[in-house]
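Every chain is numbered from 1 and lettered A, B, ... according to where its sequence line falls, protein lines coming before strand lines. Please read these numbers as outputs of a predicted model, since none were measured by experiment.
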There are 2 protein chains.
Amino acid sequence: MELGTYLPYLVNRVGQRFISDITPVLSEAGVDIQSWRVLIALYQRGAQTVGALSDLTSINFSTLSRVLGRMEKKDLVRRVRDAEDARSFTVELTANGKSVTETILPQAAALEAKVTGDFSEAELAMLRQLLGKLYVGLSDYSEERDDRLAG
Amino acid sequence: MELGTYLPYLVNRVGQRFISDITPVLSEAGVDIQSWRVLIALYQRGAQTVGALSDLTSINFSTLSRVLGRMEKKDLVRRVRDAEDARSFTVELTANGKSVTETILPQAAALEAKVTGDFSEAELAMLRQLLGKLYVGLSDYSEERDDRLAG
DNA sequence: TAAATATATTTGCAAGTGCAAATTATGGGG
DNA sequence: CCCCATAATTTGCACTTGCAAATATATTTA
């Protein structure tokens, strides 16, 4: 096995670069990377329970609970008891959260466009599709392992 | 912009899944994810200075300094003053580090093979190539920004 | 319908992280 | 030769993170 062909390595370094490239934009808006993940998820998919948001953002649920605490202090989101199941909280964007998201979003889109400037449309579509397929493979694997443990 | 087509989102969730899928294997060997990144890098590319290792693993250099501290305690690596430039340390695998890496490596390879079971060889090659290309795009962007700041 | 069990979220705690300052060492100019 | 600018690494500090236990609510069972 060679490092340059090892998928976790290739994926991780791209992920880290994305973070360091977007961080200056986020700092300017007073938002950290985790909060940004929450903001886009809520903006694109609408209000979510904490658990659903944890799945959607890949942020550990207890970490997420504290991220949401920070975000509430900054008036970015609001947690309201779920009407149907009072064990859950529904997390929703505040007007301020929506506005902050709409400030960052075009800059994030511009960054993505810029760093993929050398990609053809077909390549971009292919990359997205393959990442999606890989995610499915990884998820299936996790589930198999969990089933094994559950007996 | 839709979440399901947003590259940082697609990359991040794949990265997180890789981590959660490999973690049980690493725990069994008493190694954390950061240490594992260092182990593969050293195993594949040979001894490195701390700075080079930071680039190679995408681990922040001050974090890396402490990761290396943990790894030294476990006799996985050794830091020796660089003969040519005494400001640098050269980090190298110990015999134990090599052996631990060789225990984990086949399991990591098997995991990668399993989660990409549905990929054709062409798709796998394409995914690796596109991730490499994306990394280049992201790096160019970082450099442009740094140049701008440096004046 | 009270007890037992299951689910959603938060919290205590010990450990890990990143920034910026400190430390250790190099190399060129006076 | 010593000083100053530069470079590699570590460390102080405040904050973030993840695990496991605690809390709050829902559902099933007897």
Side-chain angles (χ1 to χ4, degrees), chain A residues 12 15-24 26-28 30-38 47-74 77-92 146 149-150, chain B residues 12 15-17 19-24 26-28 30-38 47-74 77-92 142 146 149-150:
Chain A
N12 178 60
Q16 285 300 126
R17 281 286 184 180
F18 265 125
I19 292 174
S20 53
D21 284 350
I22 196 70
T23 294
L26 299 182
S27 311
E28 201 163 344
V31 164
D32 63 43
I33 183 70
Q34 304 286 51
S35 301
W36 170 233
R37 287 178 175 140
V38 172
Q48 303 282 335
T49 64
V50 178
L53 205 47
S54 173
D55 287 346
L56 210 47
T57 58
S58 307
I59 300 173
N60 169 287
F61 64 100
S62 73
T63 299
L64 179 59
S65 172
R66 280 179 262 237
V67 170
L68 293 173
R70 286 181 239 154
M71 294 180 76
E72 263 185 336
K73 275 196 205 148
K74 293 185 181 165
V77 299
R78 188 170 29 235
R79 277 183 277 208
V80 299
R81 278 277 176 203
D82 192 297
E84 278 151 37
D85 183 341
R87 288 171 303 183
S88 297
F89 280 96
T90 295
V91 184
E92 52 189 46
D146 291 349
L149 290 176
Chain B
N12 178 60
Q16 285 301 126
R17 280 286 184 181
I19 292 173
S20 53
D21 284 350
I22 195 69
T23 293
L26 299 182
S27 311
E28 200 163 344
V31 164
D32 62 45
I33 183 71
Q34 303 287 51
S35 301
W36 170 232
R37 287 178 176 139
V38 171
Q48 303 281 334
T49 64
V50 178
L53 206 46
S54 173
D55 288 346
L56 211 46
T57 57
S58 307
I59 300 173
N60 169 287
F61 64 100
S62 73
T63 300
L64 178 59
S65 173
R66 281 179 261 237
V67 171
L68 293 174
R70 284 181 240 154
M71 293 179 77
E72 264 186 334
K73 275 197 207 149
K74 292 184 182 168
V77 299
R78 186 169 31 235
R79 276 183 279 209
V80 298
R81 277 279 175 201
D82 191 299
E84 278 151 35
D85 184 340
R87 287 172 302 185
S88 298
F89 279 96
T90 295
V91 184
E92 51 189 48
S142 306
D146 292 347
L149 290 177

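Straight-line distance from the CG atom of A:Leu68 to the P atom of D:dT16: 14 Å, rounded to whole Å. Separating the CD1 atom of A:Ile19 from the C1' atom of C:dT17 is a distance of 12 Å, rounded to the nearest angstrom. In this structure, CD of B:Gln48 is placed 16 Å from C1' of D:dT9, rounded to the nearest angstrom. In this structure, CG of A:Leu64 is placed 12 Å from C1' of D:dT17, rounded to the nearest angstrom.
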Between A:Thr57 and B:Asn12, is the side chain to side chain contact (heavy atoms under 4.5 Å, CB included) condition met? List the steps. CA-CA 9 Å; A:Thr57 58; B:Asn12 178 60; over 6 Å; no

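At the phosphate of C:dT9, neither OP1 nor OP2 sits under 4.0 Å from any side-chain N or O atom of A:Arg79. The phosphate of C:dC13 (OP1 or OP2) has no side-chain N or O of A:Arg66 nearer than 4.0 angstrom. Phosphate proximity of D:dT17 to A:Thr63: absent, as no side-chain N or O sits under 4.0 Å from OP1 or OP2. Not one side-chain nitrogen or oxygen of B:Ser88 sits closer than 4.0 Å to the OP1 or OP2 atom of D:dA8.
Looking at heavy atoms from C-beta onward, A:Glu92 lies in side-chain contact with A:Val80 at the 4.5 angstrom threshold. Looking only at side-chain heavy atoms (C-beta outward), A:Ile59 and A:Ser54 stay at 4.5 Å or farther from each other. Taking 4.5 Å as the limit, some side-chain heavy atom of B:Val67 sits within range of a side-chain heavy atom of B:Met71. Taking the side chain as every heavy atom from C-beta outward, B:Val91 and B:Arg78 never approach each other to under 4.5 Å.
Using a 4.0 Å cut-off between charged side-chain N and carboxylate O, A:Arg70 and A:Asp32 make a salt bridge. Under the 4.0 Å criterion applied to side-chain N and carboxylate O atoms, A:Glu72 and A:Arg79 are assigned as salt-bridge partners.
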Distances under 3.5 Å between nitrogen or oxygen atoms of protein and nucleotides 24-28 of chain D:
residue	atom	partner	partner atom	Å
D:dA26	OP1	A:Ala86	N	3.1
D:dA26	O4'	A:Arg87	NE	3.3

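Checked against D:dT16, D:dT11, D:dC19, the side chain of B:Ser65 finds its nearest nucleotide in D:dT11. Considering only side-chain atoms of B:Val67, the nucleotide from D:dT10, C:dT17, C:dT9 that sits closest is C:dT17. Comparing D:dT9, C:dT17, C:dT9 by their nearest atom to the side chain of B:Arg70 picks out C:dT17.
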